[in-house]
Amino acid sequence: VQLQASGGGLVQAGGSLRLSCAASGRTFSNYGMGWFRQAPGKEREFVAAISRSGSTDYVDFVKGRFTVSRDNAKNTVYLQMNSLKPEDTAIYYCAARWNYGNYYPRGPYDYWGQGTLVTVSS
């Protein structure tokens, strides 16, 4: 599986962005998909995930602000980010793992995209 993340950019605090992650292959619907982020000088952290059945998981600090969704017909997973804060500034990565057996929304993941930069100004 190859993943291509896009949609990052510069936005003011309180604004919104929608990230997209396009996946290659015909079995996208069988993968659990996750979003992670890495801020400068910090470790990569889990943000949100969606399983092949559509169940979702979010880290506490984005609940109510971010929404993860998927369109299996387009082989794409999305991360809608609202009410953005300066502390949301990071490189955002999408990830995939075959969603049978030992799939855990918060990881581990087997495939990673290249990341897209989100910058939130105050």
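Every heavy atom of this structure was used, including side-chain atoms; hydrogens, water molecules and symmetry mates were not.
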inquiry  = Using a 6.0 Å cut-off, check whether atom CD of Q2 has over 12 heavy atoms from anything other than its own residue.
reply    =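 Not more than 12 within 6.0 Å, no.
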Between [X] and [Y], what is the shortest heavy-atom contact and its length?
{"X": "L117", "Y": "T119", "answer": "CG-OG1, 3.8 Å"}
{"X": "L19", "Y": "V118", "answer": "CD2-CG2, 4.0 Å"}
{"X": "C21", "Y": "L3", "answer": "SG-CB, 3.9 Å"}
{"X": "N75", "Y": "G25", "answer": "ND2-O, 2.6 Å"}
{"X": "P40", "Y": "T89", "answer": "CD-O, 4.4 Å"}
{"X": "S122", "Y": "A13", "answer": "CA-CB, 4.3 Å"}

When rounded to the nearest 0.5 angstrom, what distance separates [atom1] in [X] from [atom2] in [Y]?
{"X": "C94", "Y": "Q4", "atom1": "SG", "atom2": "CD", "result": "8.5 Å"}
{"X": "M33", "Y": "R52", "atom1": "CE", "atom2": "CZ", "result": "14.5 Å"}
{"X": "M81", "Y": "D88", "atom1": "CE", "atom2": "CG", "result": "7.5 Å"}
{"X": "T116", "Y": "Y92", "atom1": "OG1", "atom2": "OH", "result": "10.5 Å"}

request  = Cation-pi check, R70 to F28: give yes when NZ or CZ is under 6.0 Å from the six-membered ring centre and within 45° of the ring axis, no otherwise.
outcome  = yes
Mark yes or no for whether [X], through its side chain, and [Y], through its backbone, hold a donor-acceptor pair below 3.5 Å.
{"X": "S29", "Y": "T27", "result": "no"}
{"X": "Q114", "Y": "A5", "result": "yes"}
{"X": "Y100", "Y": "N30", "result": "no"}
{"X": "R65", "Y": "S83", "result": "yes"}
{"X": "T76", "Y": "D71", "result": "no"}

Do [X] and [Y] have side chains that approach each other closer than 4.5 Å (heavy atoms only, starting at C-beta)?
{"X": "N82", "Y": "F66", "answer": "no"}
{"X": "Y78", "Y": "T67", "answer": "no"}
{"X": "P108", "Y": "R97", "answer": "yes"}
{"X": "R44", "Y": "R37", "answer": "no"}
{"X": "V1", "Y": "W98", "answer": "no"}

inquiry  = Check this for me: does any side-chain nitrogen of one of K63 and D60 sit under 4.0 Å from a carboxylate oxygen of the other?
reply    = yes
request  = Apply side-chain contact (heavy atoms from CB on, under 4.5 Å) to the pair V47 and Y58, showing each step before the final yes or no.
outcome  = CA-CA 6 Å; V47 175; Y58 298 92; over 6 Å; no
inquiry  = Please determine whether residues W35 and Y104 belong to a single hydrophobic cluster, defined as Ile, Leu, Val, Met, Phe, Trp and Tyr linked transitively by side-chain heavy-atom distances below 4.5 Å.
reply    =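 Not linked; separate clusters.
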task = Look at the aromatic rings of W112 and Y109 and report parallel, tilted or perpendicular, splitting at 30° and 60°.
result =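 Perpendicular, since the angle between the ring planes exceeds 60°.
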key: Non-neighbouring partners of Y31 that pass side-chain hydrogen bond (donor to acceptor under 3.5 Å, both in side chains), sequence neighbours left out   =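 side-chain hydrogen bond (donor to acceptor under 3.5 Å, both in side chains) list for Y31, sorted by chain: empty.
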note = Residue set satisfying side-chain hydrogen bond (donor to acceptor under 3.5 Å, both in side chains) with D57, at least two apart, ordered chain then number -> R106
message = Aromatic contact between Y93 and F36, with the criterion being ring centroids under 6.0 Å apart: yes or no?
response = no
